[in-house]
There are 2 protein chains.
Amino acid sequence: MSKTILIADDEQDIRDLISYNLSKEGFTVESAANGKEVLQKLEQSPADLIILDIMMPEMDGFEACKAIRANPKTANIPILFLTARAGEVDQIVSLELGADDYVQKPVSPRVLVARVKSLLRRFDRSEQKPATAAAEQINSDGVKVDRSSYKVFVNDKEVFFPRKEFELLYFLASHPGRIYKREALLDEVWGRDTFVVERTVDVHIFKVREKLGDYGKRIETVKGVGYRYVLE
Amino acid sequence: MSKTILIADDEQDIRDLISYNLSKEGFTVESAANGKEVLQKLEQSPADLIILDIMMPEMDGFEACKAIRANPKTANIPILFLTARAGEVDQIVSLELGADDYVQKPVSPRVLVARVKSLLRRFDRSEQKPATAAAEQINSDGVKVDRSSYKVFVNDKEVFFPRKEFELLYFLASHPGRIYKREALLDEVWGRDTFVVERTVDVHIFKVREKLGDYGKRIETVKGVGYRYVLE
DNA sequence: TATCATTGTTACCAAATTGTTAAGCAAATT
DNA sequence: AATTTGCTTAACAATTTGGTAACAATGATA
């Protein structure tokens, strides 16, 4: 009753590395070198989870994801993206498409295996698909955050947000209710290899709140823990 | 509380440099001059992360890594490689050694520290903890404790809990029926090396009960022993 | 019942945490 | 080259929290 994982990455080394580690854990592994191969493989036999690299020749992860979601037969398969870096366009794009999780490169086999298991558990429990990681546009009445145009609207009036503040608001608003420690926000918004002091987050939170006006209250502080974006 | 990093490099200068920078950041640092020493040190005391140079006399990084992974006790410790040449990166990947990250020499202390922190965070988050791991949300009718949002609901109404009170309730509710001595609660909720008077627990229990209203009765006192959370 | 041991409750204060402001840089733009 | 913009940091203010002591209540034991 082993689950089947389909891996797509153009680098053979990465495929081998992931493949090796997943099969060691008892998964059945299929692999593909680009998006087109992914679709071909899926036609032949279904998969329980798909790992997609974003940058691939022929058909990239972005297009592949769209195609997978468009087909009713495969629309509900969980997808895990491999991204080069947090905050990069790649990630942005993947999140609007119904990606369920993502792992940053360079890939740590054990992190990946843990994520795969966690994703499968999530999907096993609730047969219906959980909310996707994030949407392109977040519209929580009064506050609209639009990824494609990089604009924020407060009460339908545009308010300018510099990049970091935008990313921070976007990330928090994408996961309403969920609490994030400062270090987690640094990982997610600033990306790995950041050399900034944790308190930098506070200053950005302050600025975001300021720009949100009354809605600034939606970003709640939990002392000793972190911040969260709430909807009432 | 402080994480222990084990560094292996045959050059004393490098060990010192890395050691200095990591301890400045609050890490406890151990060092070894070759692979054999790494294994010896690990037998004596575990580490939270290992930094391995590839080229070392006696036993090189590759072999050390293999040995570390082969031993169940150390198999899950994240490993970060130091590589001299670009070519070595490929080797790490292709050898399927289970490296979690790598840094190229010459080592920039800032980059290294950032990687170490990032790796530790990644592992904290994705590694599922042993059997004691509790659910994200505990829902014992009338009382809901949610870790992901750090909120408590009593009869579906949100009640604010400061950190310690939240953690205390969360811990007790995660192990219903079981009795915990004050000492044990201090270990679990406050942490292993805290210098707090045991009666502090009482005060917190009181506050938690107060906030739980009628459900406060669920936290029972066992005289001379401790407390427990019961479900009818 | 009287006494002792244990726990409940309250209030206060020090320490930890966060909010807020402003200054210094570096990168981008003019 | 000069100016602007955004990011980071440090410093100080404001706030919250958690720890403790003191006293009250409870209950076990003789």
Side-chain angles (χ1 to χ4, degrees), chain A residues 86-87 150-152 159-172 179-191 193-213 216-229, chain B residues 1 25-26 110 113-114 117 150 152 159-172 179-191 193-229:
Chain A
Y150 239 84
K151 284 180 178 173
V152 177
V159 180
F160 175 73
F161 276 65
R163 194 171 314 122
K164 281 273 150 59
E165 291 167 36
F166 180 91
E167 297 287 357
L168 180 57
L169 172 60
Y170 178 77
F171 179 76
L172 286 173
I179 191 141
Y180 290 96
K181 291 189 282 197
R182 278 165 243 274
E183 59 171 34
L185 291 173
L186 284 180
D187 271 358
E188 297 287 351
V189 177
W190 272 254
D193 287 354
T194 39
F195 312 110
V196 298
V197 171
E198 284 199 355
R199 293 291 321 270
T200 300
V201 174
D202 300 35
V203 178
H204 284 262
I205 290 280
F206 173 71
K207 289 177 180 165
V208 170
R209 279 178 176 150
E210 200 173 32
K211 291 187 174 126
L212 289 181
K217 281 181 288 216
R218 286 194 185 163
I219 300 181
E220 293 184 346
T221 304
V222 179
K223 273 206 163 186
V225 187
Y227 298 98
R228 72 184 157 209
Y229 185 89
Chain B
M1 197 46 199
E25 295 288 325
R110 301 183 90 204
V113 169
K117 286 183 176 173
Y150 227 83
V152 176
V159 180
F160 175 71
F161 275 64
R163 181 152 74 123
K164 281 275 147 61
E165 291 166 36
F166 179 92
E167 296 290 355
L168 180 57
L169 171 61
Y170 179 78
F171 179 77
L172 286 173
I179 301 176
Y180 290 96
K181 292 188 278 198
R182 289 174 179 71
E183 182 191 330
L185 291 173
L186 283 179
D187 267 5
E188 296 286 351
V189 177
W190 272 255
D193 30 33
T194 38
F195 311 98
V196 180
V197 170
E198 284 200 353
R199 294 290 322 271
T200 300
V201 175
D202 300 35
V203 178
H204 283 263
I205 290 280
F206 171 71
K207 289 177 180 165
V208 171
R209 279 177 175 152
E210 198 174 33
K211 289 185 175 131
L212 289 182
D214 287 343
Y215 299 109
K217 281 180 283 208
R218 285 194 185 163
I219 299 181
E220 292 184 349
T221 303
V222 182
K223 248 197 161 182
V225 188
Y227 299 97
R228 73 177 157 203
Y229 186 89

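Any value given below was found using the heavy atoms of this structure, including those in side chains, with hydrogens, waters and symmetry copies removed. Just so it is clear, the model here is predicted, and its values are computed rather than measured.
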> Base, sugar-phosphate, or nothing: which does A:Phe195 touch, judged by heavy atoms less than 4.0 Å apart?
Replying inline: sugar-phosphate

> Can A:Leu185 and A:Leu172 be said to form a side-chain contact (heavy atoms from CB on, under 4.5 Å), step by step?
Replying inline: CA-CA 9 Å; A:Leu185 291 173; A:Leu172 286 173; 3.9 Å; yes

> Which residue lies toward the 5' end of DNA chain C, B:Arg182 or A:Lys223, if each is placed at its nearest nucleotide?
Replying inline: B:Arg182

>> What contact category does A:Phe161 fall into here, base, sugar-phosphate, or nothing, at under 4.0 angstrom with non-hydrogen atoms?
In response: nothing

> To the side chain of A:Val197, which of C:dG8, D:dG19, D:dT9 is closest?
Replying inline: D:dT9

>> At 4.0 Å (heavy atoms only), tell me whether A:Val222 reaches a base, stays on the sugar-phosphate, or touches nothing.
In response: sugar-phosphate

> Tell me: NE2 of A:His204 to P of C:dT20, nearest whole Å?
Replying inline: 15 Å

> How many Å lie between CD on A:Glu165 and P on D:dG6, as a whole number?
Replying inline: 8 Å

>> Applying a 4.0 Å non-hydrogen cut-off, can you work out what A:Thr200 is touching in the nucleic acid: base, sugar-phosphate, or nothing?
In response: base

>> By the 4.0 Å heavy-atom rule, please label B:Arg199 as base, sugar-phosphate, or nothing.
In response: base

> Would you say B:Trp190 and B:Lys164 make side-chain contact, with heavy atoms under 4.5 Å?
Replying inline: yes

>> Using whole Å, what does the distance between atom P of nucleotide D:dT8 and atom CD1 of A:Ile205 come to?
In response: 13 Å

> How close or far is atom C1' of D:dT16 from atom CZ of B:Arg163, stated in whole angstroms?
Replying inline: 12 Å

> Can you tell me if CD on B:Glu25 sees more than 12 non-hydrogen neighbours from other groups inside 6.0 Å?
Replying inline: yes

>> Rounded to whole Å, how long is the line connecting atom CD of B:Glu198 with atom P of C:dT7?
In response: 10 Å

> Can you check whether A:Tyr170 and A:Phe161 have ring centres sitting under 6.0 Å from each other?
Replying inline: no

> Would one find a side-chain N or O of A:Thr221 under 4.0 angstrom from OP1 or OP2 of C:dG19?
Replying inline: yes

>> So A:Lys164, base contact, sugar-phosphate only, or nothing? Heavy-atom distance under 4.0 Å.
In response: sugar-phosphate

>> Any non-hydrogen side-chain atom of B:Phe166 less than 4.5 Å from a side-chain atom of A:Val222?
In response: no

>> Does B:Phe166 reach a base, just sugar-phosphate, or nothing at all? Heavy atoms under 4.0 Å.
In response: nothing

